[in-house]
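Notes follow once the structure below has been shown.
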There are 2 protein chains.
Amino acid sequence: MKQFTKQAIKKSLKRIFLYRACLVRLKTMGVEKVFSYTLANEAGVTADQVRKDFSEFNIKGNKRGGYDINDLLERMEKIFHRNKDHNIVLIGMGNMGMALSKYNKFVQRNMNIVATFDIDPFKHKIRSDLPIYPMSRLKEIIDRFRVRVAIIAVPEISAQEVCDELVRNGIKGVVNFAPVLLKVPPGIVINNVNLCDELESVIYYVHQLMSGDGLKNIELLYRDMKY
Amino acid sequence: MKQFTKQAIKKSLKRIFLYRACLVRLKTMGVEKVFSYTLANEAGVTADQVRKDFSEFNIKGNKRGGYDINDLLERMEKIFHRNKDHNIVLIGMGNMGMALSKYNKFVQRNMNIVATFDIDPFKHKIRSDLPIYPMSRLKEIIDRFRVRVAIIAVPEISAQEVCDELVRNGIKGVVNFAPVLLKVPPGIVINNVNLCDELESVIYYVHQLMSGDGLKNIELLYRDMKY
DNA sequence: GATTTGATGTGAAACAATTCACAAAACAAG
DNA sequence: CTTGTTTTGTGAATTGTTTCACATCAAATC
């Protein structure tokens, strides 16, 4: 197997997520096996790309027979460590935090938010499916549930502080919804989700497409800007 | 100015968003001008990268004098068409839609959700800052407010249907929170935000980092997987 | 079982993005 | 006004990613 390079993993990994989503959908439609071009077509990429990506993750199919969907999905589960449960903590129970805590897709994929935290004492009294704790109980919960990944949904002003505390208590990876670039020591994974940026980039491309000038280059290529 | 290529725009544009966030922060700290390496350091990229990106968008600084922050921000406003207001519609008032409708950062950046829609008749009676309309009023609202961009926050099962209807009524760009790959005609911009994928990729990298094998390559490089 | 067909898997080629390296410009100092 | 210093801006080199092209294999057909 070829050595991975930092960028290579990233891009192909993102596509693997995409492939899985397509496969799940195909499966529900009763399809049992796919060829690279079937999947490519679903995913909006080329067949070469699919095969190359699979090759990177050492996923093998059958010459002439294509790929068995169940087999593919199983291998992907392994790649994503989905055979195990993953305990997550969520910091910040504002609008976004509240919505995330109720997002049922996480559970469906074995990712369990085991507790949420907020500095507002009023929130600690709210009765809901998930407990809302004060930050002082962070360490206790992280240790008890062996949590390694956190979601930050606090206002940008306190995001860095919260992040520092998470890292101090053993968190290794963060999905950060606050629009700030968090500073963390090496070896900590930060994934930023910036909702404004996502909207703005759409607005940007729509403008480009509609204003029409300088546009031969942009064309019809932004069906999906992520992959 | 060099011809843009499809990928080039995408990556550098994303970084321009990042630069702006950094600049705004620096500005609040009282900084008035930056050098490419100052900004690079803030943004976690190289100084070359900053200058190259600026060059792509035809942003000029002063030789030896660096860049004036206010000037930079102003140019970026123009690039992002932020001088104008942008009217947005939001479809789907479940947990996520509700949170998005209350997200005040959009307004701060001149992006106004002018109306929300949901098929559930019960929701139409809810009194809130934003009206919740039935889908039948989509065309009327889109026309009245000249809306070109929409947010889809409906369950995956109905996402494609909703998207088709949006496109039929003149929507040119969509931020899609449903975990499906929407099929759209050429010239329509789709930007997918997949919350599960964001979490899962963090889990993946954390696993890689912790299991430690095959890892020389991954190293400390995932401070920020987006840029 | 030999032959044809159709798909995979992967080096090699082409293309894209990043980094390097240095000329050109601007300011400062003498 | 000349020289030295610092930083930009951008071609050239390097590095990374995608596409091409074809050897290889497995199944289907004769």
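Naming: A, B, ... by sequence-line order, numbering from 1 per chain. For the numbers below, each heavy atom of this structure counts, side chains included, while hydrogens, waters and symmetry mates do not.
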Any ring-ring contact (aromatic ring centres under 6.0 Å, His included) involving residues 150-195 of chain B? Give me the pairs, sequence neighbours left out, ordered by first then second residue.
none
Specify the separation, in whole Å, of atom NZ of A:Lys14 and atom C1' of D:dT17.
17 Å
With sequence neighbours left out, the residues meeting salt bridge (charged side-chain N to carboxylate O under 4.0 Å, His left out) with B:Arg168 are B:Glu165
Is B:Phe57 close to B:Ile16 at the side-chain level, that is, under 4.5 Å between some pair of heavy atoms?
yes
Sorted by number, the residues of residues 72-80 of chain A with heavy-atom contact under 4.0 Å to DNA chain D:
none
OH of B:Tyr37 versus P of C:dC20: gap in Å, rounded?
18 Å
D:dT19, OP1 or OP2 - any side-chain N/O from A:Thr46 closer than 4.0 Å?
yes
Measure the distance from CZ on A:Phe57 to C1' on C:dG9 and round it to the nearest whole Å.
16 Å
In whole angstrom, what separates B:Lys52's NZ from C:dA16's P?
15 Å
Would you please name every residue forming a salt bridge (charged side-chain N to carboxylate O under 4.0 Å, His left out) with A:Glu156, sequence neighbours left out?
B:Lys105
Whether the B:Gln160 and B:Asp164 side chains hold a donor-acceptor pair (N or O, under 3.5 Å, no angle test) is what I'd like checked.
yes
Would you kindly give the CZ-to-P distance between B:Phe35 and D:dT8, to the nearest whole Å?
7 Å
Which nucleotide in D:dT17, C:dT19, D:dT8 has an atom nearest any side-chain atom of A:Lys11
D:dT17
Can you tell me if B:Gln49 touches the phosphate of C:dA17, counting only side-chain N or O atoms and a distance under 4.0 Å to OP1 or OP2?
no
Go through the structure and list residues passing salt bridge (charged side-chain N to carboxylate O under 4.0 Å, His left out) with A:Arg148, not counting sequence neighbours.
none
Rounded distance (Å) that lies between atom P of D:dT17 and atom CG of A:Leu13
13 Å
Just how far, in rounded Å, is C1' of D:dT8 from CD of B:Glu56?
16 Å
Show me the side-chain donor-acceptor pairs of residues 23-32 of chain B shorter than 3.5 Å, one per line, residues at least two apart or across chains.
{"unit_1": "B:Arg25", "atom_1": "NH2", "unit_2": "B:Glu42", "atom_2": "OE1", "d": "2.5"}
{"unit_1": "B:Lys27", "atom_1": "NZ", "unit_2": "B:Asn70", "atom_2": "OD1", "d": "2.9"}
{"unit_1": "B:Thr28", "atom_1": "OG1", "unit_2": "B:Arg25", "atom_2": "O", "d": "2.6"}

Test of understanding: with side chain to side chain donor-acceptor pair (under 3.5 Å), list the residues that count as partners of B:Asp68, not counting sequence neighbours.
none
Quick one: is D:dT10 close enough that its OP1 or OP2 comes under 4.0 Å of any side-chain N or O from B:Ser55?
yes
Which donor-acceptor pairs under 3.5 Å do the side chains of residues 71-78 of chain A make with protein atoms, sequence neighbours left out?
{"unit_1": "A:Asp71", "atom_1": "OD2", "unit_2": "A:Arg75", "atom_2": "NE", "d": "3.4"}
{"unit_1": "A:Glu77", "atom_1": "OE2", "unit_2": "A:Arg82", "atom_2": "NH2", "d": "3.0"}

Does B:Arg15 make a side-chain N or O approach to OP1 or OP2 of C:dA17 shorter than 4.0 Å?
no
Whole-Å distance separating the OH atom of B:Tyr67 from the P atom of D:dT6:
18 Å
What string of B, S and - do you get for nucleotides 21-30 of chain C, 5' to 3', if B is base contact, S is sugar-phosphate-only contact and - is no contact with any protein heavy atom under 4.0 Å?
B--BBBB---
Reckon B:Phe54 touches a base, only the sugar-phosphate, or nothing at all at heavy-atom distances under 4.0 Å?
nothing
